[in-house]
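Structure provided below as structure tokens; questions to follow.
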Amino acid sequence: MQRAPKVPLNNGVEIDAVGYGVYKVPPADTADLCTLALEAGYRTLDTAAMYGNEAGVGEAVRRALAGGLTRSDIFVTTKVFNRDQGYDSTLRAFDSSLELLGLEYLDLYLIHWPLPERGLYVETYRALEQLYRDGRVRAIGVSNFQRPHLERLLDETGVVPALNQIEVHPYLQQRELRAFHAEHGIATQAWSPLGRGHVLTDPVITGIASDLDRTPAQVILRWHLDGGNLVIPKASSAERIQGNLDLFDFILTPDRRAALDGLERGHRFGSHPDRVNS
Ligand SMILES: NC(=O)C1=CN([C@@H]2O[C@H](COP(=O)(O)OP(=O)(O)OC[C@H]3O[C@@H](n4cnc5c(N)ncnc54)[C@H](OP(=O)(O)O)[C@@H]3O)[C@@H](O)[C@H]2O)C=CC1
Ligand SMILES: O=C(O)C(=O)[C@@H](O)[C@H](O)C(=O)CO
């Protein structure tokens, strides 16, 4: 079994550098795929109210506890969805997610998108702070926040976000935002770390993978970790789930890292935060 290194967030709570993400994992398959991930050695699971599969994540956690893991071995993230932004509605959304997950506490709660035109993310974040102060969540953070949104939170609220979960892969490296995170003690967690699978066929990456006798996914994920990103790849087979965690007995030399760095092209496969408004 492979194990990812643990990384301390800015409040000392530890998260695995490699987690398993379940966007577009069908609800009926979620418990089994998350169980495969936990058996493979993943300990961090990333879901969201929007994904409709929190119940399956919770079922996998219960199976793991029955199999001998303890609750503190496992780290569960979920996210407040756009329609639930606002102070009271976020508190209600949290209760609903926790109930679907069947958990007594959550490890990390994120605001899924900033929706700046709605102007609710500061009060939404204040609800997260309340949940954090009440001990119902071990860490709080955001997702898809750009620098001005983070600056507002830093100016107007009291808890520095532990993490910003953003789209990052070799074609969209987000260097400026990641530098801002580093300056303020905010971890970068890369969503779509494999560019939704589209970056896997890039000839630079397949060339390095072939030289190292590794998969393209392993090369990309190793590049993320070397650059300080946390990752949450999604995969749908035992082989891929296991392979995406098998990252710790090879290195990328500086020239190979530089070759991946050179693939930046500002290309998003997911939505741009400016265009998600509801
Ligand atoms: N906060 C946010 O707004 C967002 C968060 N996320 C989170 O990030 C997670 C990961 O992002 P996601 O968009 O799923 O994209 P990923 O970059 O993780 O890519 C997933 C795709 O890559 C394929 N894949 C995975 N591993 C391999 C492999 N070893 N070899 C070949 N193909 C592989 C998968 O195929 P298959 O499944 O068929 O195996 C799937 O098609 C999500 O599941 C979610 O948890 C994602 C988007 C936005
Ligand atoms: O997966 C998520 O968490 C998302 O919010 C995104 O996938 C988002 O809906 C998107 O980027 C769609 O292209």
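Whatever order the structure lists them in is the order used to number ligands and atoms, beginning at 1.
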Answer side chain, backbone, both or neither: which part of A217 comes under 4.0 Å from ligand 1, heavy atoms only.
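The answer is the side chain of A217.
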
Could you check whether any heavy atom of F269 sits closer than 4.0 Å to an atom of ligand 1, since that is the contact criterion I want to use?
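Flag not set, F269 not near ligand 1.
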
Does any N/O atom on W113 come nearer than 3.5 Å to any N/O atom on ligand 2?
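It does: an N or O of W113 is found under 3.5 Å from an N or O of ligand 2.
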
Cation-pi check, R265 to Y171: give yes when NZ or CZ is under 6.0 Å from the six-membered ring centre and within 45° of the ring axis, no otherwise.
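Verdict for Y171: a cation-pi partner in R265.
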
For P193 and ligand 1, answer yes if some heavy atom of the residue is under 4.0 Å from a ligand atom, otherwise no.
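True for this residue.
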
How far is atom 9 (O) of ligand 2 from its nearest protein heavy atom, and which residue and atom name does that atom have?
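Of every protein heavy atom, M50 CE, 3.6 Å lies nearest to atom 9 (O) of ligand 2.
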
Side chain, backbone, both or neither: which applies to S143 and ligand 1 if a contact is any heavy-atom pair less than 4.0 Å apart?
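Side chain only.
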
Walk me through it: do Y121 and L153 pass the test side chain to side chain contact (heavy atoms under 4.5 Å, CB included)?
CA-CA 9 Å; Y121 66 80; L153 290 189; 4.0 Å; yes

Which residue and atom name correspond to the protein heavy atom nearest atom 41 (O) of ligand 1, and how close is it?
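Among all protein heavy atoms, the one nearest atom 41 (O) of ligand 1 is R196 O, 4.0 Å.
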
Judging by distance only, is a nitrogen or oxygen of K79 under 3.5 angstrom from one on ligand 2?
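Among all N and O atoms of K79, none is under 3.5 Å from an N or O of ligand 2.
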
Short N or O distance, R240 and ligand 1, threshold 3.5 Å exclusive
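Yes, since at least one N or O of R240 sits under 3.5 Å from an N or O of ligand 1.
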
Close approach, N244 and ligand 1, non-hydrogen under 4.0 angstrom
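Within the 4.0 Å threshold, so yes.
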
V25, portion touching ligand 1 at heavy-atom distance under 4.0 Å
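The answer is neither.
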
Distance-only N or O hit between ligand 1 and L194, under 3.5 Å
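N/O-N/O distance under 3.5 Å: yes.
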
Can you report which non-hydrogen protein atom sits closest to atom 12 (P) of ligand 1, along with the distance?
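I find the closest protein heavy atom is S192 OG, 3.6 Å.
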
What protein heavy atom sits nearest atom 9 (C) of ligand 1, and how far away is it?
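Protein heavy atom at minimum distance: I232 O, 3.1 Å.
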
Using a 6.0 Å distance limit plus a 45 degree cone around the ring axis, check whether R136 lies over the aromatic ring of F94.
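Geometry flag: not set, cation outside 6.0 Å or 45°.
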
Does ligand 2 have an atom under 4.0 Å from some heavy atom of R196?
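It does, in that a heavy atom of R196 comes within the 4.0 Å cut-off of ligand 2.
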
Counting from 1, what ligand 1 atoms have a heavy atom of N144 closer than 4.0 Å?
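Those qualifying, in numeric order: 1 (N), 2 (C), 3 (O).
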
Hey, does T215 come in under 3.5 Å of ligand 1, counting only N/O atoms on both sides?
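N/O-N/O distance under 3.5 Å: no.
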
